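Data first, discussion second: the structure below is written as structure tokens.
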Amino acid sequence: MAMYSAELINDPFGDPGVYVGCKYRRESLLFDLGDLHHLTPRKLLKVGYVFVSHTHMDHFIGFDRLLRLFLGRDKNLHLFGPPGFLAHLEHKLRAYSWNLVENYTNDFTIIATEVSAEDMIINRYECQRTFAPEIVEKGRPFDGVLAETDFFRVRAAILDHKIPCLAFCFEERKRFNILKTVLDEMDLPTGAWLMTLKEHLINGDDDETPVRICRRDHEGNRQETSRPLGELRQVVKITPGLKIAYVVDAVYHQENRAAILGLIDKADMLFIETPFLDEDADTAAKKYHLTARQAGLLAKEAQIKRIIPLHFSPKYKPTPLALAEEAMNAFKGGDCRGERNQKGCTQEEIA
């Protein structure tokens, strides 16, 4: 039973961006902040981490929607971006008047991190302090890791888009697969208590730790029991966690190629830009983008399990499948036609 899933925010011709959601926790992530209108407020309010590749409009215009939705809520939002990111964020925040926010009951806070090849700068912006910047940390060496929690970490590589642009890789710590047949054999329900069980396993708690189990009877009444963690271990099969990579807006040259391959190696899912066909490689290079063929070859060399092309140039709208087909053919050398190309194909599907 997967804990995390990932989906494109818009269709491949729309603003690039990926929503990574957690099934059992109110904890989701965003890669890029383009047009967010296809995401419901319910989904957006789960977001705690946002990773911005760079601040071109199609990657950052959605910040205002997120800001408006979070105002007045007791919530921390962690933002990450490339060199210059804090200045761009502060200009966004200073574009509005905040003379009444001291009256808000809840204090929405942004914790923003700017990453360069040398170090990281972390600032804090509290709503009740009119989002005035407060330095939290400055000068910590950047070792490739942006964020770490008990459940995941996110790494980044700095790419060349004529400006620095970040590529990201989300790595789930471990995947805890619930064995439904064992649940049935033990007469145990599904539900949110399974998230608590996973947390105990992640924390390395001892076998005597009681785990609360909640269920509803036939009349809808809530019942609560508990069992020791040791008994419940058989319910869970532990496997390597999901690895999701996101690469956009990068010219194809040796330095970028090496950085991308080092980041995305053997990812389960690769969301990667394919804005131009290889016949337009000169245009792609002038605009500091990949071609679809280059993206497919990178995915093949990195032994990606599934590639999801995105960030299509509007010039190809008359032939909407061409970019995905070129990327897929380079990825596997096979054929993967039809509507599935817009959603991504596994190696098995195009074998």
Side-chain angles (χ1 to χ4, degrees), residues 1-81 89 92-93 95-96 101 104-112 125 127 131 146-147 149 151-152 154 168 170 172 175 190-195 198 242 244-246 248 268-273 306 308-312 314 320 339-340 342-344:
M1 189 180 297
M3 183 184 296
Y4 290 95
S5 61
E7 61 184 284
L8 284 176
I9 298 171
N10 301 297
D11 70 54
F13 285 101
D15 287 354
V18 168
Y19 181 88
V20 178
C22 182
K23 188 171 183 179
Y24 296 106
R25 296 172 60 86
R26 289 185 58 83
E27 177 185 72
S28 298
L29 304 87
L30 286 175
F31 292 126
D32 270 339
L33 281 175
D35 182 1
L36 300 180
H37 285 89
H38 287 106
L39 292 177
T40 64
R42 180 183 178 87
K43 278 191 170 183
L44 287 173
L45 286 171
K46 294 180 180 179
V47 172
Y49 293 82
V50 179
F51 301 89
V52 178
S53 62
H54 60 303
T55 53
H56 282 168
M57 184 177 286
D58 55 338
H59 298 259
F60 198 46
I61 197 169
F63 172 75
D64 283 12
R65 175 167 169 79
L66 209 60
L67 176 64
R68 184 172 186 179
L69 189 61
F70 285 8
L71 281 176
R73 301 179 188 272
D74 187 16
K75 186 170 179 65
N76 290 340
L77 178 66
H78 297 267
L79 296 177
F80 301 84
L89 173 64
K92 282 267 196 181
L93 293 170
Y96 299 101
V101 293
Y104 285 9
T105 301
N106 297 317
D107 192 12
F108 167 54
T109 299
I110 297 171
I111 300 98
Y125 306 85
C127 178
F131 293 107
L146 291 182
T149 74
F151 298 95
F152 65 83
V154 175
F168 305 108
F170 168 93
E172 186 181 3
R175 174 167 287 184
T190 58
W193 76 272
L194 292 170
M195 191 66 240
K198 294 176 182 180
L242 187 67
I244 303 166
Y246 177 82
V248 291
D268 296 286
M269 303 173 71
L270 170 62
F271 293 87
I272 189 166
E273 69 156 2
R306 182 185 178 200
I308 302 93
L310 72 154
H311 210 1
F312 294 2
E339 186 176 343
R340 288 184 301 165
Q342 302 292 334
K343 299 178 180 179

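Keep in mind that what you see is a predicted model, and the values were worked out from it rather than measured. FYI, the numbering just counts along the sequence from 1.
Here the closest non-hydrogen pair linking L77 and Y49 is CD1-N, 4.5 Å. Across every non-hydrogen atom of H59 and H311, the tightest pair is NE2-NE2, 3.7 Å. Taking all atoms of both residues into account, the shortest heavy-atom contact from D32 to G17 is CB-CA, 4.2 Å.
Annotation: side chain of F51 is in contact with side chain of V154 (closest heavy-atom distance under 4.5 Å). With contacts defined as side-chain heavy-atom distances shorter than 4.5 Å, the pair F271/F31 does not qualify.
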As a quick check of understanding, evaluate side chain to side chain contact (heavy atoms under 4.5 Å, CB included) for I272 and I308, giving each step before the final call. CA-CA 6 Å; I272 189 166; I308 302 93; over 6 Å; no
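We find the CG-NZ distance between D107 and K75 to be 14.0 Å, quoted to the nearest 0.5 Å. Remark: D15 CG to H38 NE2 distance equals 10.5 Å, nearest 0.5 Å. Taking CG of L45 as the start and CG of L39 as the end, the distance is 11.0 Å to the nearest 0.5 Å.
Between E273 and Y246, the side chains place no donor N or O within less than 3.5 Å of an acceptor N or O (distance only, hydrogens not considered).
Taking the ring centre of Y4 as origin, the terminal cationic atom of K23 falls outside the region bounded by 6.0 Å and 45° from the ring axis. Stacking of K92 on the aromatic ring of F63 is not recorded, the 6.0 Å distance cut-off and the 45° axial limit not both being met.
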